[in-house]
Structures are given as structure tokens and as C-alpha cells.
**Student:** 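Take this structure, written in C-alpha cells, and hold onto it; I'll ask about it next.
Chain A is the first sequence line, chain B the second, and so forth, proteins listed ahead of strands; every chain is numbered from 1. This is a predicted model, so every value here is computed, not measured.
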Amino acid sequence: MKVLVPVKRVIDANIRVRVKSDNTGVETANVKMAMNPFCEIAVEEALRIKEAGNAEEVIVMSAGPDKAAETIRTGLAMGADRGVHVNTEESLEPLVIAQLIKAVAEKEGADLVILGKQSIDDDNNQTGQMLAALMGRPLGSYISKIEKNDGGFAITREIDAGLEDLQIASPAVVTADLRLNEPRYASLPNIMKAKKKPIDALSPADLGVEVKNRLEVLKVEDPPAREAGVMVSGASELVDKLKNEAKVI
Amino acid sequence: MSILVIAEHDNSQLSPGTLNTVAAAAKIGAELRVLVAGSGCGDVAAACAKIAGVSEVLCADFDTYAHEITENTAHLVKANLDGVSHVLAPASTFGKALIPYLAALCDAQPISDISDVVSEDTFVRPIYAGNALQTVKMSDAVKMMTVRTTAFEAADAEGGSGTVTAIDDAGASDVVTFKGQNLSQSERPELTSARIVVSGGRGMQNGENFAMLEKLADTLGGAVGASRAAVDAGFVPNDYQVGQTGKVVAPDLYIAVGISGAIQHLAGMKDSKTIVAINNDEEAPIFQVADYGWNEDLFTAVPALQAELDG
């Protein structure tokens, strides 16, 4: 079995983002970047499937500018076998990204595509679902568990009301939720080894995909700030304020 | 042209978030349809027909839709888009899975989690865990989106007089099989629509200690939530999680107990009307968004608060 893991380069989760003064986006110059945390979980799961003897190869891909290769390299340092970099300077909307992933998945003959459920920059939570629809293959969104079996995969999904179990056929597309696993850190020897692992570079045109965006971002602004609150020193003061000042109880 | 809202329900009850989604739809235009896909969901369809402003309910009542299988619902909605300009669903796990899948089937680029309607093609949505607000203009013929339900007042559940039209089964996926669900049972109000939420974090130390918060929530008539740290540690189930990638809540009163206030948690609760933070670390970031902060050990503070409320 071949597992494909698409990953995204985002502003590091620990950085506090700043809206640009011209309101065109958020400041990304000289800001620390990292692999999207949900993508790390996806890579980890693919590696565990391989380590359990259920997959022969784990391929990490990313679509984006030259720097996206660094994020692929992070996946290789975690233990993935090789990378695919769809190199483009254009901004990519989820539908286009899903079209690119579909092309790579079909070219590689992937039996399972594992994505993070959401990237922490645009917070779209769309690409995996769109990929499954485009491929006409089963979707397992927000999974906290996956097991290979004769019929394909038994998965558990985290849904708003609790947990849900589905059986999905192979090939399949799944998106990783937080409780799927705890990703490993890349060890220094593995970081060194990753430098020698191959990354294929392709363009969207090589994959027969036209980059056609549908959305226009008119502006990006700061959210309204909350006014500073007050400290209370005890239960009676708090209850008094909630009853008489905030009037919420 | 009409606006189609996809109802979320459990075959007997409509989710509260659907009413907020109808309210968002009403800000876009006047001709509102609601699609109900379920099995034995006649009561839900009837309830949708009564929502103020809804003119027609499309009801697919078949075994195919007994469970919310994304594939099945998406193909059904796709078959019912004649005369539809917008498709909206609540930004719950149901809607967040459905809308992108549907959009890809229809060669459309959806937007997620809208928090305001600027015009029929322009919407506001939070990005970066709510640390920025993006205004986006859409160009697709049919505009598809999920709705941040806490950002819109619920539509009136009564007062409408829509018709209910039965629609055909669009067929079930043969590659996805429902196996079972393990749902949290609770008598408390549903987390995303509760008027009061009491949430616990890593500071709770274990699952047993959540009993304190449950008692407090019951006294106040509220729901119980948790930070990601508390869910990851196994104190409480995943459906308690409030945050960027969990549930978004905006109750009248949010009481954060033993929660430090990581960015991803704040993203899920900072639109609450009144925020109370109880934490023994005076440097905890949660105090920066709290209206009332109480720098105290939670094992002292929560019983004291309970006693004060019990009078």
C-alpha cells in the first residue's frame, strides 16, 4: 500500500499573527514558519501504518513556492520515504489544491491519502473533503482512529455529538483530527538522512491543472478588541458582579 | 433565486444551529428553502416549515439518510440545486464535512465559517484562529458556505408557513458503511447554544474533578466544556472541546476554570458576552480576555462559588 500525505507550510502555531497595515493580509515576512500541526499528525499516522507493516511507502507532497520544499523535508525527517513538490508562486485555493493532490494521488497510485483536517492559517477545513469528492473515493473526515482491514479501513470520526465508526473502501481519503496520535520529533540523524531523500518537482501544468482562483479577498482586519476586565477577590464579589453588573445570572 | 439551508438534526430534533444558519440566509435574501435529509424525519421537516421566513422545505425521508454520511447528503443536495443561488449549512462537523464535498462535486469554491454577510456575494470570516477577519467576494454561480452559528441571532422557530415537498432518494454510497456511534449523553443544554458554559482545563488535573464543574453548570443551567489540553489528557470526551478546531461558543456567560488561555482556545470562546476566568497563575493569558478574573486555586474557588450560589 502507498500512502500520500499532503502537507502545508503555515505560520508557526506559537506566533501571534499581525494584520498588515494596508489590510491586504497578515504579516508573513520574517515570521517563523512550520508544518501545519494537523499535517504533522497526518504524517505521523502514515508512518505508523508503514511501521505496522501495512504500507510500503509514505510520500509527502506540498504545493507552493520554493520554500514549501522545506516543509516536505520536515516530513522526510520524520520518516517519510520521498517527496513531491508542486512548485508554484501563485496563491492556491482549496479546490485547486485538491485538484493538484488528486493528480499526484492518481499518478502515484496512492491507496490512502491522509490530510490534516484544517490548516491553522486560513482555517478552511475543506481540502480533504474536496479531494474525496473529486476522486469519487470515500471520505473519512476528522478521524481519531484508523485500522486497515480486508474491506479497506475501519475509522472512528470525532463528531460534534461524540464518536462515529465507519467502514470505508480503499482507496480512501481521510483527514486527521487532534486525537489521532501525537506526532514524533525528527531526530538529528533522521534530519541528516532526509537531506538525501528525493523530492520530485512538478508544476501545476505538468499535472494538467490550471490554477484558477474563484475568491477575491477584499480586506483583512483586526477583530474587535475586548475591553480590559477587573480582578475579583472572592466568590461573593464575583456573584454580585455577575448578578448586578453583567446581569448574566 | 432561492437560498438553500441544509438542516442539521438527529431525525427527531432540529439542531439549534440550523436556526442561526437560517438567520444568516435571511441576511442574504428573502426566498428561503430548507433541505432535510433523514430517515423518519417528518417532525423535523414540519419544524423547519414553521421557521419564520422559510417558504419551502425539501424533505428526503429514506434509509439512505438515517446517518449523516457526507457522500449521500452531498449527492442529494447536488440534485436539488435548481434555482438555488446559495447553499448554507451550520459550521458544525456535519456542515464542515458536507459543504466542501458538495462544492467540489459542483466545481465551486466554498467559504467556511462566515461571521457576517456584507452583500449577496461578499462575506466576512475569521482566519488565524479569529486573530484576523477576512472579507471575501465569491464568484461562483452557486455560492456555498458554512455559517459560524454564534455570530447570528437564531431565526424565530415559529411564525413560518412553508410547504413541505418530498424529494427523491439520490442513492447511497457503496464504499462507505455506517458502523455505529458513541454519543455523549447529557441532560444539559447543548454546548454551542447554551446560555452559560462552564469549561475546565488542564488545571482540573483529572476527569473526576470535572464533577465540580458539572454541579456548577447544573446550578446555573449551563453546559460543560473543556480546553484541548483537558480533552487530550483524557479528562473528558472530544465533544467537550472548545477552540479553533473544536466547538465555537459565544454564551452570555463563559466561566473558564483552570484554563491558561492558549490562542486556539480563545478562538473558540472570546466572543462570549461575559467571561470569567479562575486560575491560580496570575500571568495566565486567559485574564487578558476575562471581564472578571479571579486569581485563586480552582479547588478553593469553585466550591466557594458553588456555596455562594447555593446561598
**Student:** Please determine, among A:R137, A:E182, A:E245, the option with the most heavy-atom pairs under 4.5 Å with chain B.
**Tutor:**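 The option with the most such pairs is A:E245.
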**Student:** Using atom types as modelled and distance alone, determine if a side-chain donor or acceptor of B:D271 lies under 3.5 Å from a backbone N or O of B:A250.
**Tutor:**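 Not at all, since once roles are kept as given, no pair shorter than 3.5 Å links the two residues.
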**Student:** Heavy-atom distance under 4.5 Å to chain A: side chain of B:N131, backbone, both or neither?
**Tutor:**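 Interface part for B:N131: both.
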**Student:** Less than 4.0 Å between a side-chain N and a carboxylate O, is that true for B:D218 and B:R188?
**Tutor:**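 Yes, charged N to carboxylate O under 4.0 Å.
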**Student:** Check whether any side-chain N or O of A:Q129 sits under 3.5 Å from a backbone N or O of A:L139 as a donor-acceptor pair, and report yes or no.
**Tutor:**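 No, the answer is negative, given that no donor and acceptor are paired below the 3.5 Å cut-off.
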**Student:** Counting heavy-atom pairs closer than 4.5 Å to chain A, which one of B:L191, B:D291, B:I69 comes out on top?
**Tutor:**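 The candidate making the most pairs under 4.5 Å is B:D291.
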**Student:** Quick one: which of A:P94, A:S144, A:S119, A:G140 has the most heavy-atom pairs under 4.5 Å with chain B, could you say?
**Tutor:**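 With the most close heavy-atom pairs to chain B, the winner is A:P94.
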**Student:** Please state whether the side chain, the backbone, both or neither of B:A91 comes within less than 4.5 Å of a heavy atom of chain A.
**Tutor:**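 For B:A91, neither part sits under 4.5 Å from chain A.
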**Student:** Would you mind checking which part of A:E93 comes under 4.5 Å of any heavy atom in chain B, side chain (CB onward), backbone (N, CA, C, O), both or neither?
**Tutor:**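 Looking at A:E93, backbone and side chain both touch chain B.
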**Student:** Any side-chain heavy atom of A:R157 within less than 4.5 Å of one from A:S141?
**Tutor:**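 Yes; the side chains approach each other to less than 4.5 Å.
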**Student:** What part of B:V276 lies closer than 4.5 angstrom to a heavy atom of chain A: side chain, backbone, both or neither?
**Tutor:**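 Only the side chain of B:V276 comes within 4.5 Å of chain A.
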**Student:** For a side chain to side chain contact (heavy atoms under 4.5 Å, CB included) check, start with the C-alpha distance between A:D123 and B:Y128, then their side-chain angles and the critical distance, and finish with the verdict.
**Tutor:** CA-CA 7 Å; A:D123 283 334; B:Y128 288 95; 5.5 Å; no
**Student:** Heavy-atom pairs under 4.5 Å with chain A - which of B:L253, B:V302, B:T122 has more of them than the others?
**Tutor:**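 Top option by heavy-atom pairs under 4.5 Å: B:L253.
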**Student:** Any side-chain to backbone donor/acceptor pair from B:Q13 onto B:H9? Under 3.5 Å, distance only.
**Tutor:**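 Side chain of B:Q13 to backbone of B:H9, a donor-acceptor pair under 3.5 Å: no, none is there.
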**Student:** Please classify the contact between B:I263 and chain A as side chain, backbone, both or neither, with a heavy-atom cut-off of under 4.5 Å.
**Tutor:**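 Contact with chain A: side chain only.
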**Student:** Within the side chain of A:R214, is there an N or O that forms a donor-acceptor pair under 3.5 Å with the backbone of B:D107?
**Tutor:**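 Side chain of A:R214 to backbone of B:D107, a donor-acceptor pair under 3.5 Å: yes, one is there.
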**Student:** Which atoms of A:I11 are under 4.5 Å from chain B, going by heavy atoms: the side chain, the backbone, both sets, or neither?
**Tutor:**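 Side chain of A:I11 only, per the 4.5 Å heavy-atom cut-off to chain B.
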**Student:** Check whether A:K117 gets within reach of chain B through its side chain, its backbone, both or neither, counting any heavy atom under 4.5 Å.
**Tutor:**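 Just its side chain gets close to chain B.
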**Student:** Heavy-atom cut-off 4.5 Å, strictly under: side chain, backbone, both or neither for A:I168 against chain B?
**Tutor:**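 Contact with chain B is through both the backbone and side chain of A:I168.
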**Student:** Between chain B and each of A:L131, A:N125, A:N14, A:N124, count heavy-atom pairs under 4.5 Å; write down the option with the most.
**Tutor:**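 Of A:L131, A:N125, A:N14, A:N124, A:N124 has the most heavy-atom pairs under 4.5 Å with chain B.
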**Student:** Contact part of A:S233 toward chain B, heavy-atom cut-off under 4.5 Å: side chain, backbone, both or neither?
**Tutor:**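 It is the backbone, since no side chain atom gets that close.
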**Student:** Can you tell which of B:K247, B:K273, B:Q306 has the highest number of heavy-atom pairs within less than 4.5 Å of chain A?
**Tutor:**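 Counting heavy-atom pairs under 4.5 Å, the top option is B:K247.
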**Student:** Checking B:N72 side chain against B:S173 main chain: does a donor-acceptor pair fall under 3.5 Å?
**Tutor:**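 Yes.
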**Student:** Side chain from CB out, backbone as N, CA, C, O: work out which of these in B:Q134 comes under 4.5 Å of a heavy atom of chain A, or both, or neither.
**Tutor:**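 Both parts, backbone and side chain.
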**Student:** Might you point out which heavy atoms bring A:R226 and B:S272 nearest each other, and give the distance in Å?
**Tutor:**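 For A:R226 versus B:S272, the nearest heavy atoms are NH1-O, 2.7 Å.
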**Student:** Non-hydrogen atoms of chain A under 4.5 Å away: do they reach the side chain of B:F287, the backbone, both or neither?
**Tutor:**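 The side chain, not the backbone.
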**Student:** Under a 4.5 Å cutoff for heavy-atom pairs, which residue among A:A225, A:A161, A:S170 has the most contacts with chain B?
**Tutor:**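 Winner by heavy-atom pair count: A:A161.
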**Student:** For a side-chain contact (heavy atoms from CB on, under 4.5 Å) with A:I114, tell me which candidate from A:L4, A:I143, A:I49 qualifies.
**Tutor:**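 Of the listed residues A:L4, A:I143, A:I49, the side-chain contact (heavy atoms from CB on, under 4.5 Å) partner of A:I114 is A:I49.
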**Student:** Check whether B:N279 reaches the backbone of B:V257 with its side chain - one donor and one acceptor, N or O, closer than 3.5 Å.
**Tutor:**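 Checking the backbone N and O of B:V257 against the side chain of B:N279, no donor-acceptor pair under 3.5 Å is found.
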**Student:** Given heavy-atom pairs under 4.5 angstrom as the criterion, report whether the side chain, backbone, both or neither of A:A246 touches chain B.
**Tutor:**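 Its backbone and side chain both get close to chain B.
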**Student:** Say you draw a straight line from CG of B:D239 to OG of B:S184; how long is it, rounded to the nearest 0.5 Å?
**Tutor:**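 Here the rounded value is 3.0 Å.
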**Student:** What option among B:R195, B:Q264, B:H75, B:E190 has the most heavy-atom pairs under 4.5 Å with chain A?
**Tutor:**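 It is B:R195.
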**Student:** Side chain, backbone, both or neither: which part of A:V26 has a non-hydrogen atom closer than 4.5 Å to chain B?
**Tutor:**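 Contact with chain B is through the side chain of A:V26 alone.
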**Student:** Just by distance, do the side chain of A:D111 and the backbone of A:V3 share a donor-acceptor pair under 3.5 Å?
**Tutor:**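 Not a single qualifying donor-acceptor pair exists.
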**Student:** So for B:L133, is it side chain, backbone, both, or neither that comes closer than 4.5 Å to the heavy atoms of chain A?
**Tutor:**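 Interface part for B:L133: both.
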**Student:** Which region of A:V19, side chain (C-beta onward) or backbone (N, CA, C, O), has a non-hydrogen atom less than 4.5 Å from a non-hydrogen atom of chain B, or is it both or neither?
**Tutor:**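 Looking at A:V19, just its side chain touches chain B.
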**Student:** Just so I understand: if I count every heavy-atom pair under 4.5 Å between each of A:E164, A:E237, A:E227, A:K247 and chain B, which residue has the most?
**Tutor:**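 Ranked by heavy-atom pairs under 4.5 Å with chain B, first place is A:E164.
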**Student:** Between chain B and each of A:P224, A:A235, A:G229, count heavy-atom pairs under 4.5 Å; write down the option with the most.
**Tutor:**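 Greatest number of close heavy-atom pairs with chain B: A:A235.
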**Student:** Do the side chain of B:D140 and the main chain of B:V142 share a donor and acceptor less than 3.5 angstrom apart?
**Tutor:**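 No, B:D140 side chain to B:V142 backbone: no donor-acceptor pair under 3.5 Å.
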**Student:** Check whether any side-chain N or O of A:N213 sits under 3.5 Å from a backbone N or O of A:L215 as a donor-acceptor pair, and report yes or no.
**Tutor:**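 Checked: no pair found.
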**Student:** Can you tell me which of B:A301, B:S139, B:A262, B:A267 forms the most heavy-atom pairs within a distance under 4.5 Å of chain A?
**Tutor:**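 Maximum pair count with chain A is reached by B:S139.
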**Student:** With a 4.5 angstrom heavy-atom cut-off, could you sort out which part of A:Q99 is near chain B: side chain, backbone, both or neither?
**Tutor:**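 Contact with chain B involves the side chain of A:Q99 alone.
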**Student:** Using the six-membered ring of A:F153, assess whether NZ or CZ of A:K148 lies under 6.0 Å from its centre and within 45 degrees of the ring axis.
**Tutor:**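 The answer is yes; both the distance and angle limits are met.
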**Student:** Let's test your reading of the structure: which of B:G246, B:A132, B:G180 forms the most heavy-atom pairs below 4.5 Å with chain A?
**Tutor:**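 Going by pairs under 4.5 Å, I would pick B:G180.
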**Student:** With a 4.5 angstrom heavy-atom cut-off, could you sort out which part of B:P110 is near chain A: side chain, backbone, both or neither?
**Tutor:**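 Answer is both: backbone and side chain atoms of B:P110 are under 4.5 Å from chain A.
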**Student:** Do B:P251 and B:I196 have side chains that approach each other closer than 4.5 Å (heavy atoms only, starting at C-beta)?
**Tutor:**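 No, every pair of side-chain atoms sits at 4.5 Å or beyond.
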